Q: 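I have a structure I would like to understand better, so I am pasting it below and will then ask my questions one at a time.
Keep in mind that this is a model prediction, so the values were computed, not measured. Throughout, a chain's letter reflects where its sequence line sits, starting with A, and its residues are numbered from 1. Computed from heavy atoms alone, side chains included, the values below leave out hydrogens, waters and symmetry copies.
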There are 2 protein chains.
Amino acid sequence: MPRIVDHEERRKRLVEAVWALSFRGGIEQVTLRKVADEAGVSMGQVQHYYPSMQALVRDALERAVQAVNATIEDAVRAAGATDPETLLRACLYALVSPAEESLRLMRFGLAAAGRAASDPTMARLLAPGDDDLITFTAGLLSEARRERGGEPRGTEHLDADICWSVTLALGVDIALGHRSPDAAKALLDHHIEQVLDPERPAQHAAADCGK
Amino acid sequence: MPRIVDHEERRKRLVEAVWALSFRGGIEQVTLRKVADEAGVSMGQVQHYYPSMQALVRDALERAVQAVNATIEDAVRAAGATDPETLLRACLYALVSPAEESLRLMRFGLAAAGRAASDPTMARLLAPGDDDLITFTAGLLSEARRERGGEPRGTEHLDADICWSVTLALGVDIALGHRSPDAAKALLDHHIEQVLDPERPAQHAAADCGK
DNA sequence: CCGGTTACAGTGCAGCTGCATTGTAAAGGT
DNA sequence: ACCTTTACAATGCAGCTGCACTGTAACCGG
């Protein structure tokens with residue numbers, strides 16, 4: 001019947017405006033008017049697609065989470081059918097990537113997490129999906145250990161959980177500018193080494209893992 | 001000459017009002033009027049002690065960081081002269097404590113970190129002091145390993161860094177309500193075990209480290 | 001007792017906020 | 001050709017914001 005437009009495209013554009021604004025001046029700069037300006041549209045359009053500001057920010061967060069997850073899945077797909085260790089590294093690296101897009105997402109994610117600290121409905125968006133990811137990672141850990149000649153330790157699930165915790169913390173550090181992506185990657189490498197091959201002492205003296 | 005009051009006491013009261021408000025409704029609820037109300041004083045007083053809202057929040061963050069550090073130091077002092085492993089655990093547990101006060105600080109810290117993501121002057125307040133803490137922790141790790149009959153691995157500094165990263169990530173999870181303090185502690189225990197005694201396989205089957 | 005300094009309390013204001021409302025142009029079905 | 005539905009654009013508004021400003025009461029050295 002009526003005029004038909006691509007809703008998805010509009011929402012995406014608006015959400016990207018939110019990300020951009022938040023990246024530049026913090027989530028507090030995300031207002032109806034500024035989002036409209038950044039997206040090059042009118043306030044009316046923003047209101048047309050989102051009933052409230054909260055809904056906009058929520059959707060922006062949801063899409064940010066999806067985008068990060070997509071980054072990980074892309075990494076898996078790109079790695080293809082290599083050894084599990086390479087795959088594992090590829091997954092984890094996705095969160096400490098120096099790519100600008102990744103940085104934008106992490107920054108917004110952190111800002112949103114700040115809000116989520118006292119907004120349960122937002123916190124839920126940041127919650128781990130269904131720990132499929134952890135289970136998948138645990139599988140990789142298990143295989144990677146076997147490939148290195150180690151025996152299974154039965155703690156893969158916990159180890160995977162910790163792996164992601166470390167990675168997330170490093171991502172936060174990067175977002176805050178406390179660590180360079182390189183330094184984070186180096187530290188992450190050390191941890192992976194430790195997890196995969198606990199017995200081996202220090203091997204690569206780790207050029208610099210400093211800040 | 002003039003009327004004399006305890007400046008420190010006033011500022012502390014105001015900052016605690018900021019923490020309380022932020023805990024309840026998020027950092028966005030922290031406004032001049034609400035802070036004044038919460039502290040039971042007038043807006044004029046808030047303005048008298050802080051030239052701007054930014055300054056207030058900054059001071060609140062600075063004091064929150066100090067308070068958390070104090071928590072760690074208290075833990076060290078309380079542990080007294082026990083074995084290094086107990087000391088190490090005491091330090092790390094400070095960040096995943098179920099104490100309400102700790103929760104308030106972590107929540108506010110997370111909210112502030114959200115702002116710090118795009119405010120470098122705030123990010124600096126959250127930056128690691130001078131990695132004295134990491135070095136201290138590395139020392140504990142080293143001693144604890146020796147006590148367990150292990151040989152030094154030369155990676156204690158990196159390991160300590162990772163320890164705190166894990167702990168921080170768990171603290172964030174708790175603040176977001178994604179993990180209970182108990183679950184976090186259990187996972188942290190697993191990691192400590194792993195770090196101190198890499199060779200040993202799984203020992204305590206870890207009742208539940210689930211969410 | 002008094003001048004001066006400090007420590008507030010109260011008020012006013014310009015600017016911005018989200019949101020409701022109204023107006024209107026475009027498109028498709030009939 | 002018309003009518004209905006959609007997709008906006010533009011404007012209005014009440015509420016809140018930080019902050020500047022003014023008033024004033026307490027205190028203390030002299």
Side-chain angles (χ1 to χ4, degrees), chain A residues 1-22 24-61 108 111-112 114-116 118-119 121-122, chain B residues 1-22 24-61 108 111-112 114-116 118-119 121-122:
Chain A
M1 319 115 141
R3 189 171 164 199
I4 285 185
V5 300
D6 186 347
H7 289 214
E8 186 58 20
E9 182 265 338
R10 310 283 168 163
R11 288 185 214 267
K12 197 166 184 179
R13 174 194 292 230
L14 293 176
V15 163
E16 291 219 30
V18 170
W19 292 346
L21 282 173
S22 182
R24 263 189 262 135
I27 206 174
E28 62 208 352
Q29 296 293 329
V30 176
T31 71
L32 272 184
R33 281 159 247 265
K34 297 212 180 128
V35 168
D37 267 17
E38 178 77 21
V41 302
S42 76
M43 261 179 61
Q45 183 171 132
V46 185
Q47 289 193 95
H48 185 69
Y49 286 98
Y50 294 98
S52 72
M53 200 59 214
Q54 236 195 25
L56 211 198
V57 176
R58 244 196 280 274
D59 193 41
L61 177 54
F108 176 73
R115 291 217 167 165
S118 50
D119 179 348
T121 76
M122 271 227 168
Chain B
M1 324 110 142
R3 188 171 165 199
I4 284 184
V5 299
D6 185 347
H7 288 214
E8 185 57 20
E9 183 264 338
R10 310 282 168 163
R11 288 186 214 268
K12 198 167 182 179
R13 174 194 294 231
L14 293 176
V15 163
E16 290 219 28
V18 170
W19 292 348
L21 281 172
S22 183
R24 263 189 262 135
I27 205 174
E28 64 208 350
Q29 295 292 329
V30 176
T31 71
L32 272 185
R33 281 159 247 263
K34 298 211 180 130
V35 168
D37 266 16
E38 178 78 21
V41 302
S42 77
M43 263 180 60
Q45 183 172 134
V46 183
Q47 289 193 94
H48 185 69
Y49 285 98
Y50 294 97
S52 73
M53 199 61 215
Q54 236 197 23
L56 210 199
V57 176
R58 244 196 280 272
D59 193 41
L61 177 55
F108 176 73
R115 291 217 168 164
S118 51
D119 179 350
T121 76
M122 271 228 169

Q: Expressed in angstrom and rounded to an integer, what is the separation of Met43(B) atom CE from dC13(C) atom P?
A: 14 Å

Q: Starting from P on dT17(D), measure out to CG on Asp37(B) and report it in whole angstrom.
A: 11 Å

Q: Starting at atom CE of Met53(A), determine the distance to atom C1' of dC16(C), rounded to an integer number of angstrom.
A: 13 Å

Q: For Glu28(A) and dC16(C), give me the distance from atom CD to atom P, rounded to whole Å.
A: 15 Å

Q: Using a heavy-atom cut-off of under 4.0 Å over every strand shown, decide if Val46(B) touches base, sugar-phosphate, or nothing.
A: nothing

Q: So which heavy atom on Arg33(B) is nearest to which on Met43(B), and how close?
A: CG-SD, 3.2 Å

Q: Go through dA7(D), dT11(C), dG12(D) for me and flag the one nearest to the Arg33(A) side chain.
A: dG12(D)

Q: Hey, is the main chain of Ala60(B) close enough, under 3.5 Å, to the side chain of Trp19(B) for a donor-acceptor pair?
A: yes

Q: Kindly say whether Tyr49(B) contributes a backbone atom to a donor-acceptor pair with the side chain of Arg11(B) at under 3.5 angstrom?
A: yes

Q: The side chain of Tyr49(B) is closest to which nucleotide in this list: dA9(D), dA7(C), dG18(C)?
A: dA7(C)

Q: Just checking Arg13(B): does its CZ atom have more than 12 heavy atoms from other residues, nucleotides or ligands closer to it than 6.0 angstrom?
A: no

Q: Tell me: CG of Leu32(A) to P of dG15(D), nearest whole Å?
A: 18 Å

Q: Quick one: Arg58(A) CZ to dG18(C) P, roughly how many Å, whole number?
A: 15 Å

Q: Just compare dT21(C), dC19(D), dC8(D) and give me whichever is closest to any side-chain atom of Gln47(A).
A: dT21(C)

Q: In whole angstrom, give the distance that lies between atom CZ of Arg10(B) and atom C1' of dA26(D).
A: 12 Å

Q: Nearest to the side chain of Lys34(B), heavy atoms from C-beta on, is which of dT17(D), dA9(D), dG18(D)?
A: dT17(D)

Q: Return whichever of Ser42(B) or Thr31(A) has its heavy-atom-nearest nucleotide of DNA chain C closer to the 5' end.
A: Ser42(B)

Q: By nearest atom, which of the nucleotides dC19(C), dA7(D), dA7(C) is closest to the Val5(A) side chain?
A: dA7(D)

Q: Nearest-Å distance, CD (Glu9(A)) to C1' (dC8(D))?
A: 14 Å

Q: Contact class for Val35(B) vs. all strands (heavy atom < 4.0 Å): base, sugar-phosphate, or nothing?
A: nothing

Q: Ignoring backbone atoms, test whether His7(A) places a side-chain nitrogen or oxygen under 4.0 Å from the OP1 or OP2 oxygen of dT6(D).
A: no

Q: Closest heavy-atom contact between Ser118(B) and Gly26(A)?
A: OG-CA, 2.8 Å

Q: Does dC8(C) have OP1 or OP2 sitting under 4.0 Å from an N or O in the side chain of His48(B)?
A: no

